[in-house]
Engineer: 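Below you'll find the structure I mean.
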Amino acid sequence: MTERPSSEVVAAAATAALQRSRSPDVSVSEEHDYEKRQHFRRLIDPGIFRPNSRDQALASLKTLRKIADNLLREPDNPKFQQFRPTNDLIKRQLMEPKGTLEYAIALGFRAEVKDFQPYYVFNPRHVADLRIGAAILAEAIDLEEKKQERLKRSRAEEKAAAAAAAQNVKLAFLDDRKTRALRDSRERETRNASEPHQVPSDVISHTDASPLPEIVMPGVGYSLASPDPDVDQHE
């Protein structure tokens with residue numbers, strides 16, 4: 001009895017047969033596209049991001065993407081088939097930053113002189129590179145914008161947390177001052193209540209030193225404080 005092959009063996013054989021049936025040109029094309037994508041990614045990072053600020057790199061990538069998208073949308077429009085390096089925007093976003101002009105050349109633009117003016121003109125033979133480069137630009141811009149948004153949100157959260165912590169410290173300080181003031185007030189009240197009430201000495205001395213006032217009865221000529229001559233003090 002013949003042993004049947006396992007499912008793993010059958011799957012491996014089917015995969016090998018599929019690979020053999022593929023056209024060599026298709027395999028070469030896919031490998032070429034993969035290498036191109038990797039090349040464009042390296043031109044962006046580290047090529048553009050490393051030597052420039054993140055904001056400058058992002059602005060330059062958006063300019064490159066606009067050039068590529070315009071040309072892909074209207075390939076027969078002469079205005080989009082070239083750019084001048086002396087243009088203020090191009091100079092600021094492509095010529096001065098590091099690595100950005102190299103990306104434009106990888107897209108298919110080549111330096112030419114027309115009427116004694118320098119230009120970078122697109123070579124139609126590089127339209128496949130243009131499509132791949134445009135896709136990688138969109139990918140890189142999307143990733144960077146999301147990264148910057150996360151960073152911005154994180155910084156805002158850190159700032160809010162620091163402000164909340166400072167407010168809590170301030171409130172705790174104010175509460176502590178109020179608590180101490182209330183405690184001191186209660187202690188003074190308790191201390192005053194426990195001390196005996198004393199009449200001032202000047203009031204006491206004034207009361208003891210004052211003689212009884214003499215009350216003169218009208219028509220008699222004697223005061224209540226004087227001894228009555230008619231009354232025998234010894235009875």
Side-chain angles (χ1 to χ4, degrees), residues 26-77 79-112 118-171:
V26 174
S27 299
V28 171
S29 177
E30 289 181 352
E31 184 177 354
H32 175 268
D33 289 349
Y34 172 78
E35 291 298 330
K36 276 292 181 181
R37 287 194 296 271
Q38 293 300 99
H39 176 62
F40 278 118
R41 289 190 178 103
R42 287 191 295 270
L43 286 175
I44 293 175
D45 193 3
I48 295 176
F49 275 119
R50 181 175 294 177
N52 304 294
S53 68
R54 307 299 292 192
D55 291 341
Q56 177 61 71
L58 183 59
S60 296
L61 292 181
K62 288 181 177 180
T63 300
L64 285 167
R65 183 184 180 183
K66 185 176 182 180
I67 291 173
D69 288 347
N70 286 340
L71 186 54
L72 287 171
R73 187 177 63 254
E74 300 182 43
D76 297 328
N77 190 335
K79 182 175 65 174
F80 299 142
Q81 294 174 355
Q82 62 188 17
F83 62 82
R84 289 196 308 164
T86 55
N87 176 274
D88 289 339
L89 176 64
I90 296 299
K91 183 188 299 183
R92 186 170 62 252
Q93 303 295 359
L94 297 188
M95 307 306 295
E96 294 177 355
K98 297 183 182 301
T100 49
L101 181 59
E102 287 80 354
Y103 200 97
I105 292 173
L107 290 174
F109 288 89
R110 299 293 184 268
E112 292 185 13
Y119 285 89
Y120 279 87
V121 182
F122 180 71
N123 188 331
R125 291 183 300 174
H126 295 279
V127 65
D129 296 339
L130 180 68
R131 293 184 184 279
I132 295 174
I136 299 302
L137 283 169
E139 170 190 289
I141 291 171
D142 182 62
L143 290 175
E144 182 62 21
E145 286 181 337
K146 289 179 178 178
K147 184 186 298 183
Q148 291 194 6
E149 181 62 28
R150 288 194 301 270
L151 181 61
K152 182 179 179 181
R153 187 165 54 249
S154 176
R155 288 176 176 173
E157 291 174 353
E158 290 178 358
K159 185 177 180 180
Q167 181 66 13
N168 289 337
V169 171
K170 181 179 179 181
L171 293 176

Engineer: Working to the nearest 0.5 angstrom, can you tell me the gap between Ile136 CD1 and Arg41 CZ?
Structural biologist: 4.0 Å
Engineer: Where is the tightest heavy-atom contact between Ile67 and Ile90, given as atom of each residue plus distance?
Structural biologist: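 So the two residues come closest at CD1-CD1, 4.1 Å.
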Engineer: Check this for me: Arg73, atom CZ, are more than 12 non-hydrogen atoms of other residues, nucleotides or ligands nearer than 6.0 Å?
Structural biologist: yes
Engineer: Which atom pair, heavy atoms only, marks the closest approach of Thr100 to Met95?
Structural biologist: OG1-N, 4.4 Å
Engineer: Out of Arg125, His126, Arg131, which residue meets the side chain to side chain donor-acceptor pair (under 3.5 Å) rule with Asp129?
Structural biologist: His126
Engineer: Measure the spacing between CD of Glu157 and CZ of Arg155 and express it to the nearest 0.5 Å.
Structural biologist: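 That separation rounds to 13.0 Å.
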Engineer: Ignoring hydrogens, what is the shortest heavy-atom contact between Leu43 and Ala106? Give both atom names and the distance.
Structural biologist: CD1-CB, 3.6 Å
Engineer: Under the rule for side chain to side chain contact (heavy atoms under 4.5 Å, CB included), what residues qualify as partners of Glu74, not counting sequence neighbours?
Structural biologist: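 Side chain to side chain contact (heavy atoms under 4.5 Å, CB included) check on Glu74 returns Asn77, Phe80.
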Engineer: Supply the atom-to-atom distance Glu31 CD to Lys36 NZ, rounded to the nearest 0.5 angstrom.
Structural biologist: 13.5 Å
Engineer: Of the non-hydrogen atoms in Ala140 and Leu61, which two are nearest, and what is the gap between them?
Structural biologist: CB-CD1, 4.3 Å
Engineer: Evaluate the side-chain contact (heavy atoms from CB on, under 4.5 Å) criterion for residues Lys147 and Arg54: first the C-alpha distance (whole Å), next the side-chain angles of each, then the deciding distance (0.1 Å), finally the verdict.
Structural biologist: CA-CA 11 Å; Lys147 184 186 298 183; Arg54 307 299 292 192; 3.5 Å; yes
Engineer: Quick one: ring-ring contact (aromatic ring centres under 6.0 Å, His included) partners of Phe83, sequence neighbours excluded?
Structural biologist: Phe109, Tyr120
Engineer: Sub-3.5 Å donor-acceptor pair from the side chain of Gln81 to the main-chain atoms of Leu71, do we have one?
Structural biologist: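 No.
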Engineer: Treating Arg110 as the side-chain partner and Phe122 as the backbone partner, does any N or O pair qualify as donor plus acceptor under 3.5 Å?
Structural biologist: no
Engineer: Nearest 0.5 Å, what's the CD-CZ distance between Glu139 and Arg65?
Structural biologist: 11.0 Å
Engineer: Give a yes or no answer on whether the side chain of Asp69 reaches the backbone of Ala134 with a donor-acceptor pair at less than 3.5 Å.
Structural biologist: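 Not at all, since once roles are kept as given, no pair shorter than 3.5 Å links the two residues.
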Engineer: Compare all side-chain heavy atoms of Leu101 with those of Leu94 and state whether any distance is below 4.5 angstrom.
Structural biologist: no
Engineer: Is there any ring pair (Phe, Tyr, Trp, His ring centres under 6.0 Å) pair reaching into residues 38-71, and which pairs are they, with sequence neighbours excluded?
Structural biologist: Phe40-Tyr103
Engineer: Could you give the distance from CD (Glu96) to NZ (Lys98), rounded to the nearest 0.5 Å?
Structural biologist: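 One gets 11.0 Å once the value is rounded to the nearest 0.5 Å.
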Engineer: So do Arg92 and Thr63 actually touch side chain to side chain, heavy atoms under 4.5 Å?
Structural biologist: no
Engineer: Could you walk me through whether Glu149 and Lys146 pass side-chain contact (heavy atoms from CB on, under 4.5 Å), step by step?
Structural biologist: CA-CA 5 Å; Glu149 181 62 28; Lys146 289 179 178 178; 5.6 Å; no
Engineer: Could you measure the distance from the CD1 atom of Ile141 to the CD1 atom of Ile44? Nearest 0.5 Å is fine.
Structural biologist: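 Interatomic distance, Ile141 CD1 to Ile44 CD1, rounded to 0.5 Å: 7.5 Å.
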Engineer: Going by heavy atoms in the side chains, are Gln56 and Ser60 under 4.5 Å from each other?
Structural biologist: yes
Engineer: Check whether any side-chain heavy atom of Ile48 lies under 4.5 Å from a side-chain heavy atom of Pro97, and answer yes or no.
Structural biologist: no
Engineer: Would you say CZ of Arg50 has more than 12 non-hydrogen atoms from neighbouring residues, nucleotides or ligands within 6.0 angstrom?
Structural biologist: no
Engineer: So, are Glu144 and Lys62 salt-bridged, with charged N and O less than 4.0 Å apart?
Structural biologist: no
Engineer: Could you tell me whether the side chain of Asp142 and the main chain of Ala138 form a donor-acceptor pair under 3.5 Å?
Structural biologist: no
